[in-house]
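Working notes for the structure below.
All chains are named by letter (A, B, ...) in the order of the sequence lines, taking the proteins before the strands, and each is independently numbered beginning at 1. Note that this is a predicted model, so its numbers are computed, not measured.
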2 protein chains.
Amino acid sequence: MKVLLAEDDVYLGELIVHLLKKKGVEHVDWVQEGEDAYDYALASFYDVIILDWMLPNGDGVSVCQRLRKHGYHGAILMLTAKDAVQDRVEGLEAGADDYLVKPFEIDELMARLKALSRRTFAPIQEEIVRWGAFEVNRTTHTLTKNGEQMILTPREFQLLDLLLQNKGRVLTRDIILDRIWGYDADVSMKTIDATVKLLRKKIGDERQQLIKTVRGVGYTIEK
Amino acid sequence: MKVLLAEDDVYLGELIVHLLKKKGVEHVDWVQEGEDAYDYALASFYDVIILDWMLPNGDGVSVCQRLRKHGYHGAILMLTAKDAVQDRVEGLEAGADDYLVKPFEIDELMARLKALSRRTFAPIQEEIVRWGAFEVNRTTHTLTKNGEQMILTPREFQLLDLLLQNKGRVLTRDIILDRIWGYDADVSMKTIDATVKLLRKKIGDERQQLIKTVRGVGYTIEK
DNA sequence: TAACAATATGACGAATTTGTGAAAAAAGTT
DNA sequence: AACTTTTTTCACAAATTCGTCATATTGTTA
């Protein structure tokens, strides 16, 4: 689970981050200002955003409103010190999915986060990289050419991905071995050549136009 | 908006029904027992179910649990007289999306209902999905082929539904586990394979033409 | 162009992943 | 409580992928 926390109180912020991590939330981003919350939310995907009601530089309610206006569909949980019905209603009207009144217990926060992320219908995030006539899907390990999907084996995919991420640079065998098999791997250099061959065959790269060999150095995909 | 209210207190029940209608909720069904709530929920579609914590003949928490187990994906709001954190957490853990502590104001109930229905309704969800020779009814959890109805178990249905909602993409085992069993579920990955097998058998997918395996990644239903 | 070094290729067994059926465990019904 | 259905686990079978090796091909340099 990936969470964005917008809380200006340093003590409370640190505490929540600490507790969330302890409870097994993989990734927690923490910002202290409303503007930052807005930017972070739009810049990457979060399962839940925890927004403090009062924030310097853009309060929680208006950040929430703007996010919804912008078409943001992820779950938003509002934190508030106020317990007045009218305020709570205002937060929900602004587009928050839930709120929690301070002070609260971490167990309740976790339960609410779980409930929220469970209900999130956000589409599965897909990272797609274009490469000439190909479309590379980094989450599903698939490669599409002219609408036709081909399936790369794990090794083939890792290699292609590595080469694409370093497009224009020549990767030495040492580096490839390190990045794909790990520095302590127990495989011979020849394995790399073999994998390159399998990948070339699968993508139809007969004349080695797509993945080029740099003799004496390694392999590369040109820019 | 269509709402199911499960509340045994006649006075409160009548009041809520009256107020909801006054606030513009088109359709309100009101039951007074836990078993009835369960049956009504599975029999037709509601935007939100308002479940009282204490109900004769099946309390709110267990009704909620059973509904989720059965693959019910509509929003559930729990009503409770208790304000103890542990009780609230218990309700959320049972699969409720939200709770409200009695006594509450009708404005707050309305705001929460709106927030809940907005969240579950945000993405367009077809009630009946066509899939080749099949017709999938997401409300009644049934699958029809050539007019012949087959019965899927909850798990089988959830899996099929998940795959169909993501037609054309490959779902990794991690994501499947997350979406069907929950990210903190305590089942082995093999359970997924087993469920896939049961589903394939039931829909007559001997050659794995309908549900395809993507080795090293997961499963998919192609577009 | 001969000789050498680096890379490509294809085949084969080992390792990993997925499929399968049976049986245990859990949940739901009567 | 007895019974049925569903879910999960487990052990083994089948399929696929991986890594190595022997050999072929290509490129470089003297």
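- Among the heavy atoms of the strands lying under 4.0 Å from Arg215(B) is at least one base atom, whether or not backbone atoms are also near.
- Neither OP1 nor OP2 of dT9(C) sits under 4.0 Å from any side-chain N or O of Arg200(A).
- Here the C1' atom of nucleotide dT5(D) and the CD1 atom of Ile151(B) are 12 Å apart, to the nearest Å.
- Fit an axis to the five pairs at each end of the helix from dT1(C)-dA30(D) to dT30(C)-dA1(D) and the two axes sit 30° apart, to the nearest 10 degrees.
- Under the 4.0 Å criterion applied to side-chain N and carboxylate O atoms, Asp193(A) and Arg173(A) are assigned as salt-bridge partners.
- Look at Ser188(A) and you won't find any side-chain N or O under 4.0 angstrom from OP1 or OP2 of dC21(D).
- When the side-chain nitrogen and oxygen atoms of Trp181(A) are compared with OP1 and OP2 of dG19(D), one or more of them lie within a distance under 4.0 Å.
- dT7(D) atom C1' lies 8 Å from atom CG of Leu198(B), rounded to whole Å.
- An OP1 or OP2 oxygen of dT17(C) is reached within less than 4.0 angstrom by no side-chain nitrogen or oxygen of Thr213(B).
- Between Arg68(B) and Asp97(B) there is a salt bridge, with a side-chain nitrogen of the basic residue lying less than 4.0 Å from a carboxylate oxygen of the acidic one.
- Comparing dG19(D), dT20(C), dT17(D) by their nearest atom to the side chain of Thr191(A) picks out dG19(D).
- For Lys167(A) and Glu222(A), the salt-bridge test fails: no basic side-chain N is under 4.0 Å from an acidic carboxylate O.
- For the residue pair Ala6(B) and Leu51(B), the shortest heavy atom distance occurs at CB-CD2, 3.7 Å.
- Among the candidates Val196(B), Leu198(B), Thr153(B), the single residue satisfying the side chain to side chain contact (heavy atoms under 4.5 Å, CB included) test with Leu159(B) is Val196(B).
- Between Tyr219(A) and the phosphate of dA8(C), there is a side-chain N or O to OP1/OP2 separation shorter than 4.0 Å.
- Among the heavy atoms of the strands lying under 4.0 Å from Gln208(A) are primed sugar atoms or P, OP1, OP2 only; no base atom is included.
- The phosphate of dT7(C) (OP1 or OP2) has a side-chain N or O of Arg173(A) nearer than 4.0 angstrom.
- Along DNA chain C, the nucleotide closest to Gly216(B) and the one closest to Arg66(B) are compared, and the more 5′ of them pairs with Gly216(B).
- Here Lys197(A) does not reach the OP1 or OP2 of dT7(C): none of its side-chain N or O atoms lies under 4.0 Å away.
- Looking at which nucleotide of DNA chain C each of Tyr38(B) and Val214(B) is closest to, the 5′-most match is held by Val214(B).
- Looking at which nucleotide of DNA chain D each of Ala194(B) and Leu152(B) is closest to, the 5′-most match is held by Leu152(B).
- Of the charged side-chain nitrogens involved, at least one lies within less than 4.0 Å of a carboxylate oxygen, so that Arg112(A) and Asp98(A) count as a salt-bridged pair.
- Here the shortest heavy-atom pairing between Cys64(B) and Met78(B) reads CB-CE, 4.3 Å.
- Nearest approach of Leu67(A) to Ala41(A), heavy atoms of both residues: CD2-CB, 3.8 Å.
- The side chain of Lys190(B) has dG19(C) as its nearest neighbour among dG19(C), dT7(D), dT20(D).
- Looking at the side chain of Thr153(A), the nearest of the listed nucleotides dC18(D), dT20(D), dA8(C) is dC18(D).
- Asp193(B) has its CG atom 18 Å from the P atom of dA22(C), to the nearest Å.
- A straight line from CE of Met150(A) to P of dT17(D) spans 14 Å, rounded to a whole angstrom.
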